[in-house]
Amino acid sequence: MSQKQEEENPAEETGEEKQDTQEKEGMLPERAEEAKLKAKYPSLGQKPGGSDFLMKRLQKGQKYFDSGDYNMAKAKMKNKQLPSAGPDKNLVTGDHIPTPQDLPQRKSSLVTSKLAGGQVE
Amino acid sequence: MIPGIGAFTQDTLWCFSQVKGTMETGTTEADIISTVEFNHTGELLATGDKGGRVVIFQREQESKNQVHRRGEYNVYSTFQSHEPEFDYLKSLEIEEKINKIRWLPQQNAAYFLLSTNDKTVKLWKVSERDKRPEGYNLKDEEGRLRDPATITTLRVPVLRPMDLMVEATPRRVFANAHTYHINSISVNSDYETYMSADDLRINLWNFEITNQSFNIVDIKPANMEELTEVITAAEFHPHHCNTFVYSSSKGTIRLCDMRASALCDRHTKFFEEPEDPSNRSFFSEIISSISDVKFSHSGRYIMTRDYLTVKVWDLNMENRPIETYQVHDYLRSKLCSLYENDCIFDKFECVWNGSDSVIMTGSYNNFFRMFDRNTKRDVTLEASRENSKPRAILKPRKVCVGGKRRKDEISVDSLDFSKKILHTAWHPSENIIAVAATNNLYIFQDKVN
């Protein structure tokens, strides 16, 4: 008898749980999105929105080319290729040394804003 | 119907007035508008861009012949405010992008504004010259020195009219006071001081003194590993020169009183809405980060903008906002991709209308939203070249969340997230708004009957 009850109860509970989760996901699309993100990037930091973001934010400026580092790295690597910049050129990660190819073009002579030219509409 | 400043009754219709900027696709980064601000009378409208340039538009006098056209804004002055710099010590490039422009109230014939990039604030004087002295004794008309031996008579130089020339000159440069990136500047109601805020510190300046500033807020922890929040925006109270607020990346606002102590690390008031812990997700803190904070003109309320909402807070109630408006809640189910493409970090601004009855903020797809605080009605409008016929009435837009999409609606998946309206401005007393859509500036007015 009791066994039967135990069998029954889990089914009921699962039913309720299911409803609960569905409700929760319905109410919290954020959670579903979070699950998606964690699935894509399992190594994503435990601390949500923690100091990683803030550190990145504080170091918004670009790291520029340092010829000393570059030559040292070149000497170490000898014939090997230097690791090239990843999609996010702003981050200096690992052994990546900024190379001349990574630098943005310096701005040419300053031009008047297009808002100041053209017809008044 | 009660007419009034900023009245947003059923009958308020917004019309296209002007658009500035080019239509060409493939925008150069430098042309992206990064700040928009009316001056205190609404006569002038300033924009700053990523290229460090400021363009000021002036409203033309309304002519009696064209009663249906309210004064249009035409270019008044343009100048290069900031240039790219290089911090050699840290090997960092300092962007010339203008983060904020704030006008000073007009006290004489000249106009003054503050403009700032990440590191340096500058005070610019914009003045008109329409007369030129002629008839010098020692110089000829081209400015070359005359041989004194040839001068036999004396004459008095006279001022003669000339074509109007508008000059912008930098009067003060407030540099080297910020280690981190300046996000806000705010002119104090005493008109003698102003503040500049970066991620971790806020400094108080006197307009006359450029080599010193007072540090009034410092939230830098002794150990940077313990950093949990940064300052995102700051503003002085419109009337009380001792009071200011600053917002944080954790969705909180602190109100400080400079009379309490020299360093205002201890707040006078702390505004935070309690969060249901069961609702917490990875994104919670990121989307609660406040991107803009603005006092109402009355000084009784503050408005904050976070990623999905705009909130109005009563200064007398710290434990929750009195009003919350959903800007684009349908994005909640898109947070994963918005995180991946960095859009979740976009910093939208918000503005009050002149009578504090309507608030406005931007969204994606060149949409912007207005919320009437009295009627609780809201509208979504679009800044696009397609609705650019003079005095064309803007049609309200609607985003379809799911299911059947009506003909006029646009589905969430079709939204263009590269077309973001981050910066808008509202004329101080009239229903005229300026909306920055990437490299174009739209000016809309309410329909004149």
Side-chain angles (χ1 to χ4, degrees), chain A residues 20 24-41 44-69 87-90 92 98 103-121, chain B residues 18-22 30-31 33 47 49 51-55 57 72-75 78 80 83-84 86-87 90-96 118 180-181 199-200 224-230 249 279-287 289 332-337 339-340 345 388 390 439-441:
Chain A
D20 222 37
K24 262 213 164 126
E25 277 183 5
M27 284 196 309
L28 292 174
E30 273 176 59
R31 285 283 175 78
E33 292 295 301
E34 180 174 3
K36 255 196 255 174
L37 195 67
K38 290 248 162 88
K40 277 196 185 181
Y41 309 101
L44 205 54
Q46 259 44 47
K47 243 201 291 183
S51 21
D52 284 343
F53 294 126
L54 300 180
M55 284 312 204
K56 186 173 165 181
R57 186 186 176 132
L58 295 180
Q59 291 163 12
K60 201 179 76 175
Q62 281 187 285
K63 291 275 182 262
Y64 258 4
F65 175 66
D66 182 322
S67 60
D69 280 350
D88 187 352
K89 293 198 176 143
N90 290 337
V92 175
L103 299 181
Q105 295 296 319
R106 284 301 286 171
K107 277 106 178 165
S108 53
S109 62
L110 305 163
V111 173
T112 311
S113 165
K114 295 197 181 78
L115 291 185
Q119 299 297 315
V120 169
E121 293 182 41
Chain B
Q18 298 170 271
V19 61
K20 310 282 186 190
T22 60
D31 293 325
I33 300 169
T47 61
D49 65 22
R53 300 163 300 191
V54 171
V55 182
F57 301 92
E72 287 196 337
Y73 286 85
N74 300 323
V75 179
T78 179
Q80 186 77 34
E83 289 180 16
F86 193 55
D87 181 338
K90 298 181 194 169
S91 284
L92 291 176
E93 180 181 27
I94 301 170
E95 276 190 336
E96 67 276 32
D118 283 339
Y180 302 98
H181 300 297
D199 291 318
L200 297 177
M224 283 298 268
E225 303 268 305
E226 293 161 24
L227 182 69
T228 54
E229 69 182 323
V230 295
S249 53
N279 284 345
R280 196 158 178 82
S281 76
F282 174 82
F283 302 109
S284 298
E285 191 172 313
I286 305 173
I287 62 173
S289 175
R332 215 175 273 272
S333 55
K334 295 271 166 221
L335 291 177
C336 179
S337 44
Y339 177 86
E340 288 179 295
F345 299 105
S388 308
N439 62 330
N440 285 327
L441 182 71

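By convention in this document, chain letters (A, B, ...) are assigned in the order of the sequence lines, proteins followed by strands, and residues within each chain are numbered from 1.
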Pick one of side chain, backbone, both or neither for [X], based on which atoms fall under 4.5 Å of a heavy atom in chain A.
X        : answer
B:Thr47  : side chain
B:Ser333 : both
B:Ile94  : neither

Tell me the closest heavy-atom pair linking [X] and [Y], and the distance in Å.
X        : Y        : value
A:Glu30  : B:Asn279 : OE1-O, 4.3 Å
B:Asn439 : A:Leu115 : O-CD2, 3.8 Å
B:Thr22  : A:Lys114 : CG2-CD, 3.3 Å

Between [atom1] on residue [X] and [atom2] on residue [Y], distance to nearest 0.5 Å:
X        : Y        : atom1 : atom2 : value
B:Cys336 : A:Lys38  : SG    : NZ    : 11.0 Å
B:Ser281 : A:Glu33  : OG    : CD    : 9.5 Å
A:Lys36  : B:Lys334 : NZ    : NZ    : 6.5 Å

Check your understanding: Quick one: does A:Arg31's side chain have a donor or acceptor within less than 3.5 Å of a partner on B:Arg280's backbone?
Key ->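 A pair under 3.5 Å: yes.
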Check your understanding: What option among B:Leu200, B:Ile33, B:Leu335 has the most heavy-atom pairs under 4.5 Å with chain A?
Key ->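 Maximum pair count with chain A is reached by B:Leu335.
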Point to revise | Winner by heavy-atom pair count (cut-off under 4.5 Å) against chain A, out of B:Asp31, B:Thr78, B:Asn440, B:Ile287 | key: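 Winner by heavy-atom pair count: B:Asp31.
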Review point. Going by heavy atoms in the side chains, are A:Leu37 and B:Glu340 under 4.5 Å from each other?
Key: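 When only atoms from C-beta onward are counted, B:Glu340 and A:Leu37 do touch, with a gap below 4.5 Å.
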